Amino acid sequence: MGLVITYEILFEVMQAPFSRIVPGSVVPPTLRVESELDDLRLGLRQWFEKNDPGPQPLEYAARMAALTRWQRQLHRAGFIGLSWPTEFGGGGMGLSAEAVLCQELATTSMPQLINRLALYTWGPTILSRGTQEQKSRFLPGMLDAGEIWCQGFSEPDAGSDLAAVRTRAQVSGDVLVVDGQKVWTSRAELSKWNAMLVRTDPEGVRHSGLSVLIVDMGSPGVTVRPLLQMLGEPHFSEVFFDGVEVPLENVLGGLGNGWDVAMEAMAYERGLFVLERTTGLRRRLADLVDRLDALGKIEDAIESLGVLESKLDLLDAQVFRTLGHQENGTLVPGSSSVDKLFLADVYQDIFATAFDHLSDEGLDDGWINDLLESRSVSIYSGTSEIQRNVIARLLLGL
Amino acid sequence: MNGITAIEVASTLDHLLADHASIDRLLHAAASEAPDSTLLTALDEIGLAELAVPEEMGGLGLDLDQLCVVGWVGGRRLMPTLSRLKMSLVGPLVMGGLPGAPSTSARWGCGFPAIGSPPAGGGPAEGWVEEGARVALVVGESASRVVDLGRPDSVVEPSPGVDPGQGRGRLRFDPDAATVLARADHARIVDRSRVLVIAELSGIADRVMEVSVDYARQRSQFGRPLAGFQAVQHKLADMRAGCELIRSAVSRLAWLEEPRPELTASLSAATVSVARQVAEDAIQVHGGMGFAWEYGIHLYYRRCLALQQQLGGTASLRRFVGRSIIARRKTQ
Ligand SMILES: Cc1cc2nc3c(=O)[nH]c(=O)nc-3n(C[C@H](O)[C@H](O)[C@H](O)COP(=O)(O)OP(=O)(O)OC[C@H]3O[C@@H](n4cnc5c(N)ncnc54)[C@H](O)[C@@H]3O)c2cc1C
C-alpha cells in the first residue's frame, strides 16, 4: 500500500522536530526582544552619545588598555552582565537584554567588550556549574574587566583533537600541580584567569580524566611567550606551566568532568558571542555601503550587497533561535555548530566582497586587516571542518 | 640565445631566491615594510631585466613562454614584485628601442593607476620603486609612459598595502607637468604584464599547495595524519585542481601567436580568484599555524591579493570582460 501523504501527516512531520525540542510548540522558540526593552535601548543610546570614546588607538597595547577602560565605564553605568543574577553584580534580566546591548554597541560603532570570553562563555559556565564560592569569587571581576579571562584549551598536539590534551594536573594535598604547554591562547598576557582543560587522571583515556581548572596567570611557574598572528599583532601566546600550584577549589564542575564542562562552555560561546560578531558585521556592511556610495561605485555592487544583507539576516535568525533555546534550556547538542559554520561563511564573504569592490580604489588598511582577520573565523573555537563533523555526528547521527 | 636556456635561468633564480628570500627574510621584509635591498641587487646582477631584451641588444632574447617559466619560479619563491616588473615590462620596453628610455641597469620604478585616483587617469600612481630610482614606467588607464622621477613635482610616499614587504609607494606627479621621457606601447604592456601575473599566480598556488600537502601529511590529529581525513583530502584536491587550471591559463596565453587582450583579461580575472581560493584553503589546512605570522602562509595570500590589485581589481576586470562579450554579440 502506497503511503498517502495527507495534510495531517505533513503537519505532523513538520512539527516533529520542533515538538521534540519544546513539547507542544509549533513554532520553534526564538529569542524575542520585547518592547519592554525599549527603555534599555534608549538608555544605552543616550549614554553612548555622552560617553563615546571615539576611535580606538591603533597600537595593540594601547588599544587593549583603552578597551579595558571602556568596559569598566560601561559596567559603572550598569550595562554589563545584564542577564546575570543581581547577587553577583548582574542586572537580573533575560538574555534578550544582552542582545539589545550587543545590537546597540554595534549600531552606534562603539568598541567591543574586551572581557567577552568571560562575559559570554565562562561567566555562564560558572553560573551553571560553579560552587557558590566560585560564583562570588570570579563573577564580579569579569564584569568590570578588573580580571580578564583567557581560555587554555589548544596544545601543540591537541588542536582540533581537543581530547588529546596532555597538560597534566596532579593532586597533591589541597593543590593541583600543573605541568605542560598550551598554545594560541588569546590575550594570555593580559589575563588574570585562564580556564584550562587539563588531564587530572593520568590513566584517563581521551575524554575521561580531564578537568577544567581556573588558573591564576600570576602564579609562579607560568611563562607567557606571545606569538604574532597574521597581522603581526601579539594577539595570542604560547603558555608554559612548570610545577604551577592551583588550589583544588579552582576545579570547575568537579574533577574528571572536564570534557562536559568544556563542551558546555563551547555551547555558550555560540550564542551571545556570535551575536556580537554578527552585529559588528552589520556595521561594517553599512560602512561598505557608505564607502562605495562615496566612490560612486554603488551601482555595480547592488547585487553583492543584497546577498550579504540577506545572509546577515539569516545568521541573525539562526543566532536568535539558538539564544531562545539557551534561555529555555532546550539547546540540542550540536545545533550551535550551524551558527559557527555560517558565521565563518558570512564573515569571510563580507570582507572578500569588500576587497573585490574596493580594490580598484578606496581600499584602506582597515578593510585589508578585516579581510586577513576573517580567515581566522573558520579556524578558532573549532574549525569549519570540525563543525561539519559535529553536525554529521550529532544532528545526523552518522 | 647565447646558449642559455630559460630552464637554466629559472634554476639560477630558484637557487638565488632560496638563499636570499627564505620565509624568515620575507617576513622580515614584510615587518619592516621594505624589500631586502641586497636581494634586489642580486636579482639585477643575474640579469633578470635583460632576459627579454633581444640578443642583438645585449639581452637573452627570451620569448613570452620562457619568461613565464621564470615568472612561475619567481611566484613560488615570492620574488619581489619590482624585479618581476623589470623583467617583464621594463626590459622589453627598452628592447623596443624606446627613444629616451634609460638602460635597464638604471634604478627603476613601475607604477599602476593608484587606488583612489580619478578613473580618467592622470592622477597618482601606485608602484614599486627602487631606492634612488630616477625613472618609472607608469602604466596608466589608457597610456603608458616613462617618467622622470628626479623632478620635484614627483614624490614617492610609502603605501605598503596588503603585501608590505614589497616597498610599494605612491608616486605623485602632475601628468601635465612631469617630464615624460617616452611613451610606450600601452596595449602590449598591459597584456604582457597580465600574462606574467598569471604565471606568477601559478607559481604561488603550486607552492602553497605543496606546502599544505606536506603539512597535512606530517601533522597528526585524532591519531592519524590530517591527510587521512577525507574532508582535508577534498580541500587539497580542490587546491590541486585550481593549480592545474591556472597552469592551463598560462599555457594558453604564453603560446598565442598574437596578443588577445580580451582573453588575457578574462583569464586574469578567473585565475586570480582561483589562486586566492588556493591560498585561503592553505591557511585553513594549516589551522592555527596558518593564521600565525611566523609560519608565513599569509605571505602567499597577501601576494595573491596584491596581484589582484595590480591587475586592476577583479570587479573592473569582470566588467571589462562582461562588456566585451556584450559588444561581441552586438556586432555579430
Ligand atoms: C585567532 C585565533 C585565536 C585562538 N584563540 C585560542 C584560545 O584563546 N584558546 C585556545 O585554546 N585556542 C585558541 N585558538 C586555537 C584554535 O582553537 C585551534 O587553532 C583550532 O582548534 C585548530 O587546531 P589546530 O590549529 O591545531 O589545527 P589542526 O587541528 O591541526 O587542523 C588543521 C586542519 O586540519 C583539519 N582537521 C583536523 N582534524 C580533522 C578531522 N577530523 N576532519 C576533518 N578535518 C580535520 C582542520 O579543520 C584544519 O583545517 C585560536 C586560534 C586562532 C586562529
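Just so it is clear, the structure is predicted and the values come from calculations on it, not from any experiment. Just so we're on the same page: letters track the sequence lines, and every chain starts at 1.
- Between chain B and the residues A:Ser160, A:Ala301, A:Ala163, the largest count of heavy-atom pairs under 4.5 Å involves A:Ser160.
- The candidate from B:Gln308, B:Gln284, B:Lys235, B:Arg302 with the greatest count of non-hydrogen atom pairs under 4.5 Å with chain A is B:Gln284.
- Shortest non-hydrogen contact noted between A:Ile379 and B:Gly287 is CD1-O, 3.4 Å.
- Of the listed residues (A:Trp184, A:Tyr380, A:Phe236), just one forms a side chain to side chain contact (heavy atoms under 4.5 Å, CB included) with B:Phe291, and that residue is A:Phe236.
- With hydrogens and angles disregarded, no donor-acceptor distance shorter than 3.5 Å links the side chain of A:Gln229 to the backbone of B:Trp293.
- With a 4.5 Å cut-off on non-hydrogen atoms, B:Tyr301 touches chain A through its side chain but not through its backbone.
- Atom CG of A:Leu372 sits about 6.5 Å away from atom CG of B:Leu305, to the nearest 0.5 Å.
- Neither the backbone nor the side chain of A:Leu162 comes within contact range of chain B; no heavy atom of the residue lies under 4.5 Å from a heavy atom of that chain.
- Interface summary for chain A: among B:Met289, B:Arg318, B:Gln221, B:His298, the most heavy-atom pairs under 4.5 angstrom belong to B:Gln221.
- Looking at B:Leu226, there are no atoms closer than 4.5 Å to chain A (heavy atoms on both sides), in backbone or side chain.
- No donor-acceptor distance shorter than 3.5 angstrom exists from the side chain of A:Glu385 to the backbone of B:Val232, with no hydrogens or angles considered.
- Counting non-hydrogen atoms of neighbouring residues, nucleotides and ligands closer than 6.0 angstrom, the CZ atom of B:Arg219 exceeds 12 such neighbours.
- The environment of CD in A:Glu303 is sparse: at most 12 heavy-atom neighbours from other residues, nucleotides or ligands sit within 6.0 Å.
- Counted within 6.0 Å of CZ on B:Arg25, heavy atoms from surrounding residues, nucleotides or ligands total more than 12; the atom is thus considered enclosed.
- Both the backbone and the side chain of B:Ala292 come within less than 4.5 Å of a heavy atom in chain A.
- More than 12 heavy atoms of other residues, nucleotides or ligands sit less than 6.0 Å from atom CG of A:Leu396.
- Looking at A:Pro156, only its backbone comes within 4.5 Å of chain B, counting heavy atoms on both sides.
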Apply the test side-chain contact (heavy atoms from CB on, under 4.5 Å) to residues B:Thr314 and A:His357: give CA-CA distance (whole Å), side-chain angles for both, the deciding distance (0.1 Å), then the verdict.
CA-CA 8 Å; B:Thr314 28; A:His357 283 275; over 6 Å; no
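- The neighbour count for B:Ile325 CD1, taken as heavy atoms of other residues, nucleotides or ligands under 6.0 Å away, does not exceed 12.
- When atom types are taken as modelled, the side chain of B:Glu294 and the backbone of A:Leu227 share no donor-acceptor pair closer than 3.5 angstrom.
- Remark: B:His28 NE2 is loosely packed, at most 12 non-hydrogen atoms of other residues, nucleotides or ligands lying under 6.0 Å away.
- Looking at every heavy atom in both residues, A:Lys297 comes nearest to B:Arg319 through NZ-NH2, 3.5 Å.
- The contact between A:Arg206 and chain B is made entirely by side chain atoms (from C-beta outward), counting heavy-atom distances below 4.5 Å.
- The candidate from A:Gly232, A:Ala158, A:Ser378 with the greatest count of non-hydrogen atom pairs under 4.5 Å with chain B is A:Ser378.
- Between B:Gln309 atom CD and A:Asp356 atom CG the span is 10.5 Å, to the nearest 0.5 Å.
- For chain B, the option among A:Asp365, A:Thr383, A:Asp300, A:Asn369 with the highest count of heavy-atom pairs below 4.5 Å is A:Asp300.
- For A:Leu228, the parts lying under 4.5 angstrom from a heavy atom of chain B are both the backbone and the side chain.
- Top candidate by heavy-atom pairs under 4.5 Å with chain B, chosen from A:Val183, A:Asp161, A:Asn389, is A:Asp161.
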